[in-house]
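A short worksheet on the structure shown next.
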Protein chains: 2
Amino acid sequence: MTATALTPAEMTDRTGVSIDTLRYYEKEGLIQNVGRSESGHRRYSDEDVLWVEVLRCLRDTGMTMEQLRHYCDLGAQGDHTAPERKRLLTEHRAKVEEQIAARKEALKLIDHKLSYYEESSS
Amino acid sequence: MTATALTPAEMTDRTGVSIDTLRYYEKEGLIQNVGRSESGHRRYSDEDVLWVEVLRCLRDTGMTMEQLRHYCDLGAQGDHTAPERKRLLTEHRAKVEEQIAARKEALKLIDHKLSYYEESSS
DNA sequence: GAACAACCTGGAGCGCACTCCAGGTCAACC
DNA sequence: GGTTGACCTGGAGTGCGCTCCAGGTTGTTC
């Protein structure tokens, strides 16, 4: 099923997400069915790595924990929630587009201010 | 000097920044030399409006309060700090470019996930 | 001149997303 | 088998950027 089984420390190396945050995400339901060793230690799969990368991508673009929790809950409920998940993702996509547009405007404003400093070199 | 003198409420209408936040920014040194009426009430100038828009632009693109404070402190210190201010702005500009790039990557990932929902309509 | 809204100050409180801690278990190496 | 380090849990603490509150003054309107 899963080729590798990463320890929490290895998972942190792979994803850049701290052990504490990984546990927090799991507690909040954003990472589900995390494997365990016989002794109870977490063992992450390659799929977990990919999923955490998705989580970080969505978080870093402003999706809140609450929204992510909802999205994950829907996923756990089965295929019939696919349309709703598609809707959420499409909605978020639009927000990311807006963020890009806003940042392009910001660049204009910054460049305008920078033009005042034109003659001086750094 | 200043054509108009806006009350705090009018300033909020113009900039979308709440009265509390305006006072907070002033207390933190991000807005300096705010005018006062005889009775001690704040009176904002058109320049203040423009400046608050710059502040919001920088804040919304991830500049921290501390960095903004530093930038404003430099401005208050006079023209000889212009090179340093230019440097800070250029540095922030690069970050905004990175944010745009990261968001473009996010769009790719979102679109990839959305492709799984292709056949179902929302 | 009374009522009511807008303003003032200093300081406390809040929501979010982590991050850290205490007190204990497990594993690996000398 | 003892030490050392990675891991476990539940819960407390933190930092940021606001946001709200109490208690008081000012300004306008009837």
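Every chain is numbered from 1 and lettered A, B, ... according to where its sequence line falls, protein lines coming before strand lines. The analysis underlying the following values was restricted to heavy atoms, covering all of them including side chains, and did not include hydrogens, waters or symmetry mates.
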[N] [atom2] sits how many Å from [X] [atom1], rounded?
X	N	atom1	atom2	answer
A:E26	D:dC8	CD	P	8 Å
A:R43	D:dA6	CZ	P	13 Å
B:L58	D:dC16	CG	P	18 Å
A:E28	D:dG10	CD	P	13 Å
A:Y24	D:dG11	OH	P	16 Å
B:I19	C:dT9	CD1	P	12 Å
A:L30	C:dC18	CG	C1'	12 Å

Linking I/L/V/M/F/W/Y whenever any side-chain heavy atoms sit under 4.5 Å apart, do B:V17 and B:I19 land together?
no
Polar atom pairs (N or O), protein with nucleotides 11-14 of chain C, under 3.5 Å:
none

Atom [atom1] of [X] and atom [atom2] of [Y]: how far apart are they, to the nearest 0.5 Å?
X	Y	atom1	atom2	answer
A:D73	A:R85	CG	CZ	11.0 Å
B:C72	B:I31	SG	CD1	8.5 Å
A:M65	A:R59	CE	CZ	7.0 Å
A:D46	A:L6	CG	CG	6.5 Å
B:K95	A:I110	NZ	CD1	11.0 Å

So what does [X] hit on the nucleic acid, given a heavy-atom distance under 4.0 Å: a base, only sugar-phosphate, or nothing?
X	answer
B:R69	nothing
A:R59	sugar-phosphate
B:R36	sugar-phosphate

Closest approach of [X] to [Y] (non-hydrogen atoms, all atoms of both residues):
X	Y	value
B:E53	B:R14	OE2-O, 4.4 Å
A:W51	A:L30	NE1-O, 2.6 Å
A:T61	A:L58	OG1-O, 3.0 Å
A:S18	A:T12	C-OG1, 3.7 Å

Close residues, residues 60-68 of chain B, relative to DNA chain C [heavy-atom separation under 4.0 Å]:
none
Which residues in residues 6-13 of chain B have a heavy atom closer than 4.0 Å to any atom of DNA chain C?
B:T7, B:P8, B:A9
Can you list the residues that meet the side-chain hydrogen bond (donor to acceptor under 3.5 Å, both in side chains) rule with [X], with sequence neighbours excluded?
X	answer
A:R56	A:Y25, A:D60
A:E84	A:R87
A:E98	none
B:R43	none

Is there side-chain contact between A:T7 and A:H41, with at least one heavy-atom pair below 4.5 Å?
no
Pairing residues for A:D111 by the side chain to side chain contact (heavy atoms under 4.5 Å, CB included) criterion, not counting sequence neighbours:
A:L114, B:R93
DNA chain D: stems of at least 3 consecutive Watson-Crick or G-U pairs whose donor-acceptor distances fall under 3.5 Å
C:1-30 with D:1-30
Can you build the contact string for nucleotides 22-30 of chain D? Use B for base contact, S for sugar-phosphate-only contact, and - for no protein heavy atom under 4.0 Å.
----SS---
Of the listed nucleotides (C:dT19, C:dC8, D:dT19), which one gets closest to any side-chain atom of B:R23?
C:dC8
Is the phosphate of C:dC18, meaning OP1 or OP2, less than 4.0 Å from a side-chain N or O of A:Y25?
yes
Which residue pairs pass the ring-ring contact (aromatic ring centres under 6.0 Å, His included) test with at least one member in residues 60-108 of chain A, sequence neighbours excluded?
none
Near DNA chain D, counting only heavy atoms under 4.0 Å, which residues of residues 97-105 of chain A show up?
none
The single option from B:T81, B:L74, B:L68 passing side chain to side chain contact (heavy atoms under 4.5 Å, CB included) against B:L88:
B:L74
Under-4.0 Å salt bridge between B:R42 and B:E26
yes
